[in-house]
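Read the structure below first, then the notes.
Numbering of ligands and ligand atoms starts at 1, following listing order. Along the sequence shown, the residues carry numbers beginning at 1.
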Amino acid sequence: MKEILSHFAIPNEVAEPQPLRIGFINDSFVVPAKRVGETSYCLQRINHRVFTNVDGLMNNIRLVTDHIREKLIAAGETDIERKVLRLIPTKDGKLYFRSPAGYYWRLYVLVEPATSQEKVTPASAELTGQAFGRFQCQLADLPFDALCESIPNFHNMEFRLQQLDEALSADIAGRKAACKDIIAAIDKRREMMCLAERLFREGKLQKHINHCDTKVNNVLFDEKGRPICIVDLDTVMPGFVFSDFGDFMRTAANTGLEDDPNLDNIHVDLEIFEAYTRGYLKEATFLTPLEKEMLPYGCRLLSYMQTVRFFTDWLNGDTYYKIQYPEHNLVRTRAQLRLVEEQEKSREAMETIIKKLS
Ligand code: GN1
Ligand code: MG
């Protein structure tokens, strides 16, 4: 690890890296400063099996963090090292170091003091909505195509359905015949759920830079419980605003679990929905009337997309998502499908909240 660190342009003396147990994708280590008051760092090994285009991914992060930093400086903000991630380049000016073993390493300034939260409350949902709204707003004037898709077609509904169709025709695990009800439920909604792509082609809907992993634990909070910094920037990429709004609601505004075996637990948590929307709309001032009106659609879209992704993995014999028991992807599929149905039932309530808050 010392050897790895020696390739980065670290201005101060640091101690031995300590493993940090955050996230399932990359491996992270804290690199503490030797002297109190000096900068500590976060060393990460990038999972290059998930993120195959490391150059594109790191270039995205550089563009996004530089852009936000410029905005913060222009606004006269202080404490900037805690408000946006800073990458430390290698001694030869690269954004990452590739070790002889073929691993990709990067180094950030550690954001501290800061805490993260796992559980969403209405209060933290509102603050998280504000934080992600501000994040999108800060990036709204960056041309969306300046960034690459660090996972190609990640949130493209047409592409996800194409992957499903391939899985259905191959039926490699022989699971298709027992899933007629799921297939029918997905088919019924296909056209509707590809609306965003159609509107984009017709020039009616724009793409923006999205975070694409808008979970509450990707926001760091300061000692007073205020959100200060958005982290986990690997999936930051171009897409529709629905990605970030919808994925937060999919994960947080659900009274059940993502993989709840008891479908009766699954309902839309309208209190969380309202709180996050209130925070989000306060900051996301760049939204067009159509985007705002379509936010409840965005919730259904992301739950539907996750239904299709889990179901595709089930048909493919569980090759993408880690599973905890044999039927896990099927249970996840049914739970996400139920969430879609519940979100359809709550559609008017959501639309009323959006109108009230606009
Ligand atoms: C994966 O690993 P995690 O929980 O951050 C997936 C998301 C899915 C989510 C479903 C890179 O995210 O897109 O919504 O599982 N991330 C990737 O739980 O595929
Ligand atoms: Mg993640």
> Are the aromatic rings of His328 and Tyr321 close, with centres under 6.0 Å apart?
Replying inline: no
>> Tell me if the centroids of the rings in Tyr280 and Phe245 come within less than 6.0 Å of each other.
In response: yes
Show the atoms of ligand 1 that are less than 4.0 angstrom away from any heavy atom in [X].
| X | value |
| --- | --- |
| Lys215 | 3 (P), 4 (O), 5 (O) |
| Ile151 | 11 (C) |
| Tyr321 | 15 (O) |
| Asp213 | 5 (O) |
| Tyr320 | 11 (C), 17 (C), 19 (O) |
| Arg250 | 10 (C), 14 (O) |
| Glu258 | 10 (C), 18 (O) |

> Taking Asn254 as the fixed residue, which of Ile266, Asp269, Val268, Ile272 is the one that meets the side chain to side chain contact (heavy atoms under 4.5 Å, CB included) rule?
Replying inline: Ile266
> Out of curiosity, is Arg309 lining ligand 1, as in a heavy atom under 4.0 Å away?
Replying inline: yes
>> Strictly below 4.0 Å, N to O, side chains only: are Glu118 and Lys215 in salt-bridge contact?
In response: no
>> Between Arg82 and Glu223 (salt bridge meaning N to carboxylate O under 4.0 Å), is one present in this structure?
In response: yes
>> Can you give me the closest heavy-atom contact between Ser116 and Leu220, atom names plus distance?
In response: CB-CD2, 4.1 Å
